[in-house]
Amino acid sequence: MAASTYFLLVAFLALVTSHAIASDPSPLQDFCVADKDSPVKVNGFVCKDPMAVNADDFFKAAKLDQPRDTSKSKVGSNVTLINVMQLLGLNTLGISLARIDYAPLGQNPPHTHPRATEILTVLEGTLYVGFVTSNQADRSNKLFAKVLNKGDVFVFPQGLIHFQFNPVHDKPAVALAALSSQNPGAITIANAVFGSKPPISDDVLAKAFQVQKGTIDWLQAQFWENNHY
Ligand SMILES: *[C@@H]1O[C@H](CO)[C@@H](O)[C@H](O)[C@H]1NC(C)=O
């Protein structure tokens with residue numbers, strides 16, 4: 001093989017592998033604590049002066065051991081995010097965390113994280129969880145679902161629609177989720193589709209969901225709560 005062809009092949013493989021492995025871009029230094037006050041716009045946040053960085057930049061007294069209030073939530077859940085917005089040291093490191101509290105019969109409604117895979121551990125209670133594949137070659141969308149008990153772990157692959165539901169009527173549930181992005185993003189399906197501002201045309205949604213326009217108008221008139229804090 002000619003040297004140039006070999007070089008091209010190696011470069012191509014490096015590109016393919018880095019895309020397959022990476023989620024957030026790999027850091028090019030030990031850390032890059034977010035400087036949220038910088039006017040410079042980059043992918044992520046500008047680095048704070050490394051000489052001014054101290055242990056507190058990697059720390060958050062997040063009280064993640066404490067239960068959150070789920071009583072005011074319409075869907076019966078409360079997601080406490082620890083991403084780069086709450087913990088500046090996470091900038092460029094491709095990881096974040098969330099505590100999720102579920103009321104009895106509460107749920108974290110169908111949503112996706114555009115930038116992260118999620119690994120969920122049940123700390124208390126029982127959860128019925130699942131995700132749905134993207135549109136497959138056979139025109140299906142396959143549901144992978146499972147009932148999890150305390151100590152069980154489940155993975156939601158990046159970008160796929162997933163949910164968690166506490167099926168128990170008299171006990172709350174708690175889970176801890178780790179996510180492969182400093183800023184996973186969350187798109188709650190119902191909120192994005194029916195709660196956008198301004199609203200998506202009901203002509204579009206009536207046809208998309210194969211219902212009467214009045215049904216769409218009713219859905220669009222509801223309050224679509226964001227349960228992420
Ligand atoms: C979620 O929990 C926090 C902390 O307990 C609380 O301030 C917030 O109001 C809760 N949200 C809802 C919808 O209950």
Side-chain angles (χ1 to χ4, degrees), residues 34 36 45 56-91 93 95-131 147-156 160-200 218-229:
K36 281 211 288 195
F45 292 100
D56 282 337
D57 289 311
F58 304 97
F59 170 80
K60 172 106 188 159
K63 298 191 163 69
L64 279 198
D65 58 321
Q66 312 275 312
R68 264 51 181 181
D69 182 11
T70 55
S71 65
K72 295 193 291 287
S73 163
K74 278 177 90 172
V75 292
S77 66
N78 193 328
V79 183
T80 308
L81 299 172
I82 309 291
N83 60 28
V84 69
M85 312 305 274
Q86 287 83 23
L87 181 46
L88 300 179
L90 286 176
N91 193 37
L93 297 183
I95 195 165
S96 59
L97 192 70
R99 175 190 166 109
I100 312 163
D101 289 76
Y102 310 84
L105 302 180
Q107 66 165 281
N108 191 13
H111 64 284
T112 89
H113 303 293
R115 292 176 290 276
T117 290
E118 171 174 347
I119 179 162
L120 182 107
T121 306
V122 180
L123 300 181
E124 286 302 333
T126 301
L127 289 175
Y128 168 69
V129 307
F131 68 85
V147 174
L148 308 181
N149 294 303
K150 185 172 175 165
D152 290 349
V153 170
F154 197 82
V155 175
F156 306 106
L160 301 187
I161 293 180
H162 60 282
F163 60 86
Q164 299 107 31
F165 170 64
N166 175 6
V168 182
H169 71 91
D170 59 354
K171 276 198 208 84
V174 182
L176 199 63
L179 298 114
S180 62
S181 170
Q182 67 176 34
N183 182 22
I187 302 169
T188 307
I189 306 306
N191 300 34
V193 174
F194 300 116
S196 73
K197 291 187 189 72
I200 299 174
W218 184 84
L219 284 165
Q220 289 181 323
Q222 304 309 304
F223 172 68
W224 297 99
E225 161 201 303
N226 180 351
N227 64 339
H228 290 62
Y229 289 86

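What you see is a predicted model, and the numbers here were worked out from it, not measured in a lab. Whatever order the structure lists them in is the order used to number ligands and atoms, beginning at 1.
The distance criterion of under 3.5 Å between nitrogen or oxygen atoms is not met by Glu225 with respect to ligand 1. When only interatomic distances are considered, the shortest N/O to N/O separation between Arg68 and ligand 1 does not fall below 3.5 Å.
The ligand atoms of ligand 1 that sit less than 4.0 angstrom from a heavy atom of Lys72 are 9 (O), 14 (O).
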Give every donor-acceptor pair under 3.5 Å between a side-chain atom in residues 177-186 and any protein atom, sequence neighbours left out.
from	atom 1	to	atom 2	distance (Å)
Ser180	OG	Thr117	N	2.9
Ser181	OG	Asp24	OD1	3.0
Ser181	OG	Asp24	OD2	3.2
Ser181	OG	Asn183	N	2.9
Ser181	OG	Asn183	O	3.3
Gln182	OE1	Thr92	N	2.2
Gln182	NE2	Asn91	OD1	3.1

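His111 places no side-chain N or O within donor-acceptor distance of the main-chain N or O of Phe163, the cut-off being under 3.5 Å. Remark: the backbone N or O of Val75 is paired with a side-chain donor or acceptor of Ser73 at under 3.5 angstrom.
For atom 2 (O) of ligand 1, the nearest non-hydrogen atom from the set Thr80, Asp101, Asn227, Asn78 comes from Asn78.
Across Arg68, Gln86, His228, a single residue satisfies side chain to side chain donor-acceptor pair (under 3.5 Å) together with Thr80, and that is Arg68.
Nearest non-hydrogen protein atom to atom 14 (O) of ligand 1 is Asp69 O, 2.9 Å. When only non-hydrogen protein atoms are considered, atom 13 (C) of ligand 1 lies nearest to Tyr229 OH, 3.1 Å.
Ring to ring, Phe165 and Tyr102 are not that close: their centroids are 6.0 angstrom or more apart.
There is no side-chain donor-acceptor pair under 3.5 Å between Asp101 and Thr70.
Remark: atom 9 (O) of ligand 1 lies closer than 4.0 Å to at least one protein heavy atom.
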